[in-house]
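In what follows, chains carry the letters A, B, and so on, assigned in the order in which the sequence lines appear, proteins first and then strands, with residues in each chain numbered from 1. These values consider heavy atoms only, across backbone and side chains, with no hydrogens, waters or symmetry-generated copies.
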Amino acid sequence: MSTNPAIRVRIAPSPTGPLHIGTARTALFNLLHARHVGGTFVLRLEDTDVARSTEAHERDILEGLHWLGITWDEGPGVGAGGDDVGPYPPYRQMQRLPTYAEAARRLLEADRAYPCYCTPDELEADRRAQEAAKEAPRYVGRCASLTPGERAAREAEGRPAAIRFRVRPGIVGWDDLVRDRVEIDTANLGGDFVIVRSDGTPLYHFTVVVDDAAMAVSHVIRGEDHISNTPKHILLFEALGHGVPVFGHLPLILNPDGTKMSKRKSQTAVADYRAQGFLREALVNYLAFLGWSPGVEGEDVLSLDELIERFDITKVQKGGAKFDRTRLEWLNGQWIRRLDDEDLVDRLRPFVLAGHERGELDRVPGDDELRTLLPLVRDRLPTLAAIVELVGFLWVDEVRPDPADLVPKRWDAATAREGLRAAREALLAHDAVTWEADELEPPLRALAETRGWKAGDLFMAIRVAVTGRTATPPLFDTLVAVGRE
RNA sequence: GCCCCCAUCGUCUAGAGGCCUAGGACGCCACCCUUUCAAGGUGGAGAUCAGGGGUUCGAAUCCCCUUGGGGGUACCA
């Protein structure tokens with residue numbers, strides 16, 4: 001694919017929480033678009049909310065994206081001491097403070113912004129008054145036209161000043177990549193908005209524009225929840241004398257009840273899906289199909305490369321998509337079946353180890369043992385973590401079956417006892433059989449026949465006695481795996 | 001409240017005015033395979049394209065209204 005230096009997209013996560021499924025989806029769509037057109041994918045950390053940002057979250061986000069295979073061309077180095085990669089460093093906003101200060105100074109100088117000395121109490125009072133009058137909340141403009149003298153007076157009082165951006169009247173519009181023309185009257189923006197806090201730290205709407213301009217971002221692909229913010233950003237780009245990028249607003253991922261996906265109602269942390277044994281391939285595949293599809297029948301299971309090849313940002317759906325875990329699980333199964341043996345063993349290992357650490361397993365199988373089990377488990381694993389539930393009995397010292405399960409429906413307890421005794425004798429008492437699946441079956445079928453039992457009932461009694469479960473991989477393979485002893 | 005966005009099977013979607021008696025996938029149901037559970041195969045139920053008006057010879061597709069849903073309304077991001 002040819003490269004296209006004019007196309008630059010970015011993902012700008014805020015390390016105020018673990019990597020969110022929605023952030024991963026936005027990152028993925030940016031990556032798909034960038035890779036499809038040969039553009040550059042930038043990662044920038046928006047850590048100006050110092051109170052809520054943590055290094056642990058930052059690590060979770062960076063590692064999570066890497067795990068998914070969502071890799072960036074430019075961005076911060078991984079880890080606190082890591083070096084930035086790319087021509088527009090730094091890529092952490094807290095290290096870009098001088099850039100924002102300079103941009104704010106220019107805006108102030110051009111009178112596109114002004115210092116605001118309003119106190120929180122004043123602002124709160126304004127808001128209440130507006131609410132009482134059933135008016136939309138907006139900044140009243142108390143400090144918008146202060147004379148130099150008035151400003152000096154306030155400075156002399158030692159009142160801290162925030163910086164507000166002057167919102168010009170008129171309509172701001174743009175041609176959105178996914179929803180065509182959008183136009184918003186700046187009268188609905190809530191008045192002049194704050195771009196720098198009174199403590200001197202810059203706010204999101206400001207930093208995002210300063211950085212996108214500085215980093216030459218050409219396409220801003222983000223969630224639909226930013227549509228109403230876009231006019232503010234466009235105004236800022238213009239005031240800064242910078243060209244306005246192309247915007248594309250993706251539909252939201254929704255909770256089952258149709259509201260914006262949230263931690264409260266859904267599992268949103270990518271790390272949790274990973275810990276439950278979802279494959280990166282499945283997650284990426286699933287996420288890509290939330291709001292987009294290649295529109296070709298039979299193309300349901302696609303790799304990242306295949307997605308990149310087919311992706312078209314203008315074909316993205318406008319309406320939100322509910323997160324359907326069942327479908328994710330189906331895709332996960334599809335991908336598990338596509339993995340080759342070595343790969344599957346590698347990915348299974350951590351989950352077996354985890355089962356051991358939780359005390360559910362008495363011992364940990366080696367890679368060879370795991371590998372021989374693959375034909376038995378591959379088609380039966382909805383997730384990697386399910387390995388413990390599926391065949392954990394193999395690595396447990398003592399199996400304790402539920403007595404109720406031990407007796408097949410058509411049998412009574414005495415028959416079950418007798419059946420198990422006879423089966424044991426048939427298989428263990430003599431050296432007649434070698435311990436291989438093919439060798440085990442005939443004697444047991446013969447036994448069932450002579451006693452007039454249904455083979456299935458006999459098999460079930462044995463299954464439960466040996467594994468403690470009513471659902472297992474095929475019995476004779478299972479017996480072989482358990483071993484003669 | 002105000003502003004904005006959206007609307008095709010339960011869910012994800014195909015659909016760019018005639019190819020639509022609306023297609024696929026997940027899920028569901030049945031059957032086949034089968035020692036259980038899966039996987040796989042075959043078939044089925046499931047959407048009067050939110051409703052109503054237009055435009056057009058012709059509308060799921062274009063326009064308007066209504067309804068419904070969602071998002072935003074911070075010195076959060």
Side-chain angles (χ1 to χ4, degrees), chain A residues 12-17 46-49 51-53 116 118-120 123 127 130-131 134-139 160-164 176 179 182-185 187-190 193-199 201-205 207-208 223-231 249 251-252 254 256-260 286 289-301 315 317-331 333-334 337 376-382 390 408 441 444-445 448 454-460 462-464 467 469-476 478:
Chain A
S14 179
T16 51
E46 308 217 323
D47 54 357
T48 54
D49 186 348
R52 294 192 298 149
S53 295
C116 172
C118 294
T119 64
L123 263 15
R127 210 180 52 75
Q130 285 159 343
E131 201 171 302
K134 293 204 186 304
E135 286 168 16
R138 70 188 340 268
Y139 177 59
I163 299 177
R164 279 185 192 273
D176 197 278
R179 43 205 92 215
V182 182
E183 293 187 337
I184 295 175
D185 191 329
N188 299 312
L189 260 34
F193 57 91
V194 175
I195 56 176
V196 178
R197 294 184 183 90
S198 50
D199 68 2
T201 57
L203 254 10
Y204 168 74
H205 294 305
T207 59
V208 75
E224 183 185 1
D225 47 348
H226 282 292
I227 289 182
S228 5
N229 295 150
T230 304
H249 289 93
L252 263 19
L254 276 19
D257 67 1
T259 53
K260 180 171 153 184
Y286 179 72
F289 277 70
L290 277 185
W292 176 82
S293 104
V296 178
E297 279 177 26
E299 295 199 343
D300 298 300
V301 185
K315 294 269 197 163
Q317 198 85 8
K318 296 182 183 71
K322 290 177 188 163
F323 193 91
D324 180 5
R325 191 186 170 98
T326 309
R327 194 184 174 85
L328 205 210
E329 283 178 9
W330 172 77
L331 265 177
Q334 292 294 317
R337 274 161 239 143
L376 301 192
V377 301
R378 176 172 259 129
D379 287 347
R380 285 169 244 269
L381 290 173
L390 220 208
E441 185 165 357
L444 288 182
R445 281 203 184 273
K454 290 207 66 168
D457 290 335
L458 210 214
F459 294 171
M460 183 52 88
I462 299 172
R463 166 178 294 112
V464 174
T467 70
R469 293 170 206 236
T470 54
T472 70
L475 181 60
F476 305 107
T478 302

Residue list, salt bridge (Lys or Arg N to Asp or Glu O under 4.0 Å) with [X], at least two apart or on another chain:
X      : result
A/D457 : A/R410
A/D176 : none
A/E131 : A/R127

Using the [atom1] atom on both, measure [N] against [M] and round to a whole Å.
N     : M     : atom1 : result
B/U35 : B/A30 : C1'   : 22 Å
B/C19 : B/C26 : C1'   : 27 Å
B/C28 : B/G10 : P     : 16 Å
B/U55 : B/U67 : C1'   : 23 Å
B/C29 : B/A38 : P     : 11 Å
B/U61 : B/A50 : C1'   : 16 Å
B/C49 : B/C20 : C1'   : 10 Å
B/C32 : B/C6  : C1'   : 44 Å

Does [N] pair with anything, Watson-Crick or G-U wobble, both distances under 3.5 Å, and if so, with which nucleotide?
N     : answer
B/G43 : B/C29
B/A7  : B/U67
B/G1  : B/U73

Discussion item. Going 5' to 3' along RNA chain B, which are the first and last nucleotides with any atom under 4.0 Å from a heavy atom of chain A?
Written reply: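 Contact span on the strand: B/G1 to B/A77.
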Over all strands shown, is [X] touching base, sugar-phosphate only, or nothing at heavy-atom distances under 4.0 angstrom?
X      : value
A/D199 : nothing
A/G319 : sugar-phosphate
A/F289 : sugar-phosphate
A/R463 : base
A/T201 : nothing
A/F476 : base
A/G291 : sugar-phosphate
A/P382 : nothing
A/S293 : sugar-phosphate
A/T472 : base
A/Q334 : sugar-phosphate
A/I195 : nothing
A/I227 : sugar-phosphate
A/H249 : nothing

Worksheet item: What distance do A/T472 atom OG1 and A/R380 atom CZ have between them, rounded to the nearest 0.5 Å?
Response: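 That separation rounds to 8.0 Å.
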Worksheet item: Rounded to the nearest 0.5 Å, how far apart are NZ of A/K322 and CG of A/L252?
Response: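 With rounding to 0.5 Å, NZ (A/K322) is 13.5 Å from CG (A/L252).
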Discussion item. Using heavy-atom distances to pick each residue's nearest nucleotide on RNA chain B, tell me which of A/P160 and A/E135 is more 5'.
Written reply: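 Looking at RNA chain B, the more 5' nearest nucleotide goes with A/E135.
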Practice prompt. Hey, which sits more toward the 5' end of RNA chain B by its nearest nucleotide, A/P251 or A/R445?
Written response: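 Here A/P251 is the residue nearer the 5' end.
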Discussion item. Any non-hydrogen side-chain atom of A/C118 less than 4.5 Å from a side-chain atom of A/Y139?
Written reply: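 They are in side-chain contact.
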Item to complete: Would you please name every residue forming a side chain to side chain contact (heavy atoms under 4.5 Å, CB included) with A/S198, sequence neighbours left out?
Response: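 Expected list: A/P160, A/A162.
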Discussion item. If the condition is side-chain hydrogen bond (donor to acceptor under 3.5 Å, both in side chains), which residues does A/T230 pass it with, not counting sequence neighbours?
Written reply: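 Residues passing side-chain hydrogen bond (donor to acceptor under 3.5 Å, both in side chains) with A/T230: A/R222, A/H249.
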Worksheet item: Does the side chain of A/R463 pick up a donor-acceptor pair with the side chain of A/T467 at under 3.5 Å?
Response: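 No pair is found: no donor N or O on one side chain lies under 3.5 Å from an acceptor on the other.
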